[in-house]
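See below for the structure under consideration.
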Amino acid sequence: MPKFKLEYIWLDGYTPVPNLRGKTQIKEFDSFPTLEQLPNWGFDGSSTQQAEGRSSDCVLKPVAIYPDSTRTNGAIVMCEVMMPDGVTPHPSNARATILDDPGAWFGFEQEYFLYENGRPLGFPKDGYPAPQGPYYCGAGYSAVGDVARQIVEEHLDLCLDAGINHEGINAEVAKGQWEFQIFGKGSKKCADEVWVARYILMRLCESYGLDVEFHCKPIKGDWNGSGMHCNFSTTFMRETGGKEYFEALMAAFEKNVNEHIAVYGPDNHLRLTGLHETQAIDKFSYGIADRGASIRVPHSFANNGYKGYLEDRRPNSQGDPYQIASRVLKTIAEVPIP
Ligand code: ADP
Ligand code: MN
Ligand code: MN
Ligand code: MN
């Protein structure tokens, strides 16, 4: 029987942004294991801000498994952190707070910077490169540099090998800044895949001596920050919708503006300034095709009788997609379905 290398990964207890942790266990299976075949495991929560030293065991409960093509017989196993009883979610476990809804669909657009020696990849040692303009979806050495595309392409292939539902990638507005988009049906699937894609990217960059900078505004001045737009829809929004429901939904989003911003990633005031295709952090607005609004209403939505998906543009690149999906679905649930 082949021995599988199972990389159990989980989110630690750091706030406001959890870190990814992972460790390997070796198990024999006839063939690539199913989720149901994977045992719970444990870790020392006193090293991850998830427990006190005297009673330090936390439980890892596998919730999704992905082939890992970087290792022979490898798998990445996304886990929820549970209390020692194995059934109570740990307070840090935001995934467990997401309402179960197979009809909820999410698409996250993850922006990030590749970083070398504390600076965006491709920035000169001192000073700055040419101003923004040619970098977005650019080609050529002076736009994207010598190694970034190789990393981005390798990352894409590793994610596709893992079965992650990437929809696309692109070079972004600032030098050294990139984006990938993931779409998933079901309230937790896309968020799981964003975390696993982040993990694969960070691990890939180790061998290049680079870091992934997820902070939403790593460079001051006239350089774009990084977001993680959250595109969302429910069965009702896609199949029935209507202007009245849409307006009630937007009223609920406006009422909960603080609750949303609280989980949309740290330091978002640095990014949501009203400039660089953002709305100011203390304002709420929506608009058709408006990239300066909090929520962009796609043309297709308005033209189709207010049916389809909406784009919340406020979540930032460092936000936890579990907390974001959880909050979006809570607000949607406050609006009665007519
Ligand atoms: P832009 O950069 O113009 O905002 P992208 O093409 O990068 O647009 O992202 C649009 C996102 O919307 C994609 O990630 C896609 O998966 C997502 N999406 C499309 N249809 C739906 C839907 N019905 N429900 C939720 N998300 C959707
Ligand atoms: Mn995009
Ligand atoms: Mn983008
Ligand atoms: Mn977008």
Side-chain angles (χ1 to χ4, degrees), residues 98-99 101-113 132 135-138 152 155-156 159-160 163-174 177-198 214 216 224-242 245-246 249 253 260 264-265 268 271-272 275-279 285-319 321-322 324-329 331-332:
I98 302 175
L99 298 170
D101 180 0
W105 298 357
F106 284 97
F108 285 107
E109 306 169 51
Q110 172 78 67
E111 296 178 336
Y112 62 93
F113 280 85
Q132 291 185 164
Y135 308 124
Y136 172 73
C137 297
V152 166
H155 176 242
L156 176 61
C159 287
L160 293 175
I164 292 175
N165 192 38
H166 270 250
E167 292 213 313
I169 57 172
N170 61 274
E172 265 303 338
V173 175
Q177 191 187 30
W178 295 81
E179 168 175 319
F180 57 82
Q181 303 107 33
I182 297 177
F183 173 75
K185 296 181 176 180
S187 46
K188 300 175 185 179
K189 188 159 188 287
C190 188
D192 283 336
E193 293 188 2
V194 169
W195 272 119
V196 175
R198 286 178 177 180
F214 287 107
C216 71
N224 272 38
S226 298
M228 188 171 66
H229 298 162
C230 171
N231 302 275
F232 61 92
S233 64
T234 59
T235 305
F236 186 82
M237 288 169 65
R238 289 188 303 274
E239 294 179 0
T240 311
Y245 177 76
F246 166 73
L249 192 60
F253 270 78
H260 281 257
Y264 279 3
N268 225 354
R271 166 178 164 265
L272 299 179
L275 302 172
H276 301 112
E277 302 173 44
T278 66
Q279 174 57 288
S285 66
Y286 58 87
I288 296 167
D290 185 354
R291 287 166 195 274
S294 315
I295 292 195
R296 177 174 68 92
V297 181
H299 275 302
S300 60
F301 186 93
N303 293 341
N304 194 23
Y306 289 80
K307 271 193 293 198
Y309 75 96
L310 296 168
E311 178 187 48
D312 194 332
R313 300 177 60 79
R314 297 168 296 170
N316 80 33
S317 43
Q318 215 175 10
Y322 290 143
I324 297 166
S326 175
R327 184 62 245 179
V328 166
L329 292 179
T331 298
I332 291 175

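These values consider heavy atoms only, across backbone and side chains, with no hydrogens, waters or symmetry-generated copies. Bear in mind the structure is a predicted one, so any value in this text is a computation, not a measurement. When a residue number appears, it is its place in the shown sequence, counting from 1. Ligands are counted one by one from 1 in listed order, and the atoms in each one are counted from 1 as well.
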Quiz item: Angle class for the Phe106/Phe108 ring planes (parallel below 30°, perpendicular above 60°, tilted otherwise)?
Solution: parallel

Practice problem: Go through the steps to decide whether Tyr286 and Tyr306 satisfy the test ring-ring contact (aromatic ring centres under 6.0 Å, His included), and finish with yes or no. | Solution: CA-CA 13 Å; Tyr286 58 87; Tyr306 289 80; 9.0 Å; no

Practice problem: Among all protein heavy atoms, pick out the one at the shortest distance from atom 12 (O) of ligand 1; state its residue, atom name and that distance to 0.1 Å. | Solution: Asn231 CG, 3.2 Å

Quiz item: If we only count heavy atoms from C-beta on, is the Gln110 to Ser317 side-chain gap below 4.5 Å?
Solution: yes

Practice problem: Could you tell me whether Trp105 approaches ligand 1 through its side chain, its backbone, both or neither, with non-hydrogen atoms closer than 4.0 Å? | Solution: both

Self-check item: Which atom of Glu109 approaches the Mn ion (ligand 2) most closely (N/O/S)
Solution: OE1

Practice problem: Could you list which atoms of ligand 1 come closer than 4.0 Å to a heavy atom of Gln181? | Solution: 7 (O), 14 (O)

Quiz item: Is the closest N or O pair between Arg291 and ligand 1 shorter than 3.5 Å?
Solution: yes

Practice problem: Pull out every atom of ligand 1 sitting under 4.0 Å from any heavy atom of Glu311, numbered as shown with elements. | Solution: 4 (O)

Quiz item: Just heavy atoms, cut-off under 4.0 Å: does Glu111 contact ligand 1 by side chain, backbone, both, or neither?
Solution: neither

Quiz item: What angle, to the nearest 10°, do the atoms OE2 (Glu311) and ND1 (His229) form about the Mn ion (ligand 4)?
Solution: 90°

Practice problem: Mind telling me whether Phe180 and His166 have parallel, tilted or perpendicular rings, with 30° and 60° as the class edges? | Solution: tilted

Quiz item: Quick one: does Phe253's side chain get under 4.5 Å of Ile295's, heavy atoms only?
Solution: yes

Quiz item: Hey, are the side chains of Glu172 and Trp178 touching, using non-hydrogen atoms and a 4.5 Å cut-off?
Solution: no

Practice problem: Verify whether one side chain among Gln181 and Asn170 offers a donor that lies under 3.5 Å from an acceptor in the other. | Solution: yes

Quiz item: Looking at atom 7 (O) of ligand 1, what's its closest protein heavy atom, distance included?
Solution: Glu109 OE1, 3.0 Å

Quiz item: How about Leu310 and Phe246: do any of their side-chain heavy atoms sit closer than 4.5 Å?
Solution: yes

Self-check item: Donor-acceptor contact below 3.5 Å, side chain Arg271 vs main chain Arg314
Solution: yes

Quiz item: What protein heavy atom sits nearest atom 13 (C) of ligand 1, and how far away is it?
Solution: Glu167 OE1, 3.3 Å

Practice problem: Starting from atom 27 (C) of ligand 1, find the nearest protein heavy-atom neighbour and note its residue, name and distance. | Solution: Phe183 CE1, 3.6 Å

Practice problem: Work out whether the distance between some heavy atom of Glu179 and some atom of ligand 1 is less than 4.0 Å. | Solution: yes

Exercise. With rounding to the nearest 0.5 Å, note down the distance linking CH2 in Trp105 to OH in Tyr309.
Key: 12.0 Å

Self-check item: Nearest non-hydrogen protein atom, atom 20 (N) of ligand 1
Solution: Tyr309 CD2, 3.4 Å

Practice problem: Provide the atom name of the closest N, O or S atom of Glu179 relative to the Mn ion (ligand 2). | Solution: OE2

Exercise. Examine ligand 1 and decide if any of its atoms is less than 4.0 Å from a heavy atom belonging to Arg296.
Key: yes

Quiz prompt | Closest approach of any protein heavy atom to atom 23 (N) of ligand 1, naming residue and atom | solution = Ser233 OG, 3.3 Å

